[in-house]
Asks: 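Take this structure, written in structure tokens, and hold onto it; I'll ask about it next.
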Amino acid sequence: MEIKLKGVHKVSKTLADGSRQTYYFAWRGKGAPRMMAAPGTPEFAAEYERLTRHRRVLGGKDTVDGLIALYRASPAFTQLQGTTRSGYDIRLQVISKKIGSMPVGGFAVC
């Protein structure tokens, strides 16, 4: 029984010798990693899990809003005093309004 993994992108190409080859990618779009395991195997599912783990942590969004949601759910935020937390909430809402939809990949790591 083959398990359908959400987001796996399948691309078929005709090679120079005329044969068809199918390639699988962890998701659609630029920078998507190619999956090397055979589809339908436990290794394929494990590779998919490893490649997409960071995308689920951000709630399926690779945006600043995803990071904000992750921070608000973390103990670092929930254990703050009430007044501090409400002050942070106000600032996080401003950040979200201005750049919330910006992809996290848009930031350089120094």
Side-chain angles (χ1 to χ4, degrees):
M1 181 175 133
E2 188 171 327
I3 299 171
K4 176 108 170 117
L5 298 172
K6 183 178 179 175
V8 172
H9 182 56
K10 182 169 102 170
V11 176
S12 295
K13 295 285 184 181
T14 302
L15 303 179
D17 64 0
S19 63
R20 299 277 296 166
Q21 179 69 39
T22 303
Y23 300 102
Y24 294 88
F25 296 87
W27 58 85
R28 179 184 298 267
K30 185 177 180 180
R34 182 173 157 209
M35 299 175 66
M36 303 308 284
T41 64
E43 292 82 17
F44 188 80
E47 185 175 13
Y48 175 78
E49 159 64 29
R50 180 181 57 80
L51 292 171
T52 60
R53 182 176 302 130
H54 76 283
R55 294 170 71 90
R56 285 191 309 279
V57 168
L58 295 177
K61 298 182 208 170
D62 293 332
T63 63
V64 173
D65 278 340
L67 289 177
I68 290 172
L70 185 63
Y71 175 65
R72 281 186 170 146
S74 74
F77 182 75
T78 58
Q79 293 174 356
L80 293 171
Q81 292 293 323
T83 54
T84 304
R85 200 170 42 243
S86 65
Y88 281 19
D89 268 331
I90 292 167
R91 287 162 181 83
L92 290 171
Q93 287 172 3
V94 170
I95 292 169
S96 179
K97 185 182 276 188
K98 290 188 183 245
I99 62 168
S101 61
M102 179 183 274
V104 175
F107 294 97
V109 178
C110 297

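For this chain, numbers begin at 1 and follow the sequence in order.
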Asks: Do Trp27 and Pro33 come within less than 4.5 Å of each other through their side chains, counting heavy atoms only?
Replies: yes
Asks: Who pairs with Arg34 by salt bridge (Lys or Arg N to Asp or Glu O under 4.0 Å), at least two apart in sequence or on another chain?
Replies: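 Counting only residues at least two positions away or on another chain, Arg34 forms no salt bridge (Lys or Arg N to Asp or Glu O under 4.0 Å).
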Asks: Is it the case that the side chain of Gln21 and the backbone of Leu15 share a donor-acceptor pair, with hydrogens and angles ignored and the cut-off at 3.5 Å?
Replies: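 A pair under 3.5 Å: no.
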Asks: Do Phe25 and Met35 sit in one hydrophobic cluster, given that two such residues count as connected whenever their side-chain heavy atoms are within less than 4.5 Å of each other, even indirectly?
Replies: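 Phe25 and Met35: separate clusters.
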Asks: Grouping I, L, V, M, F, W and Y whenever their side-chain heavy atoms are under 4.5 Å apart, do Leu92 and Leu80 come out in a common cluster?
Replies: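 Yes, same cluster.
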Asks: Let me see the working for Asp17 and Ser19 under side-chain hydrogen bond (donor to acceptor under 3.5 Å, both in side chains), right down to the final yes or no.
Replies: CA-CA 6 Å; Asp17 64 0; Ser19 63; 2.7 Å; yes
Asks: Hey, what's the ring geometry for Tyr24 with Phe44, parallel, tilted or perpendicular (30° and 60° as the breaks)?
Replies: perpendicular
Asks: Checking Arg85 side chain against Thr78 main chain: does a donor-acceptor pair fall under 3.5 Å?
Replies: yes
Asks: Quick check: are there more than 12 heavy atoms from other residues, nucleotides or ligands sitting under 6.0 Å from CZ of Arg20?
Replies: yes
Asks: Does Arg72 reach the side chain of Asp89, with side-chain heavy atoms less than 4.5 Å apart?
Replies: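 Yes. Closest side-chain heavy atoms under 4.5 Å.
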Asks: Under 3.5 Å, is there a donor-acceptor pair between the side chain of Glu47 and the main chain of Ala37?
Replies: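 Checking the backbone N and O of Ala37 against the side chain of Glu47, a donor-acceptor pair under 3.5 Å is found.
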Asks: Considering residues at least two apart in sequence or located in another chain, which fulfil the side-chain contact (heavy atoms from CB on, under 4.5 Å) criterion with Ala73?
Replies: none
Asks: Could you tell me which residues satisfy ring pair (Phe, Tyr, Trp, His ring centres under 6.0 Å) with Tyr71, sequence neighbours excluded, listed by chain and number?
Replies: Phe77
Asks: How far apart are the closest heavy atoms of Ser96 and Asp65, and which atoms are they?
Replies: OG-OD1, 2.5 Å
Asks: If hydrophobic clusters are built from ILVMFWY residues whose side chains come within less than 4.5 Å, do Tyr88 and Ile99 share one?
Replies: yes
Asks: For a quick test of reading the model, state the closest non-hydrogen atom pair linking Gly100 to Thr63 and the distance between them.
Replies: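 Smallest heavy-atom distance, with atoms named: O-CB, 3.4 Å.
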Asks: Just how far is it from atom OG of Ser86 to atom CZ of Arg91, taken to the nearest 0.5 Å?
Replies: 9.0 Å
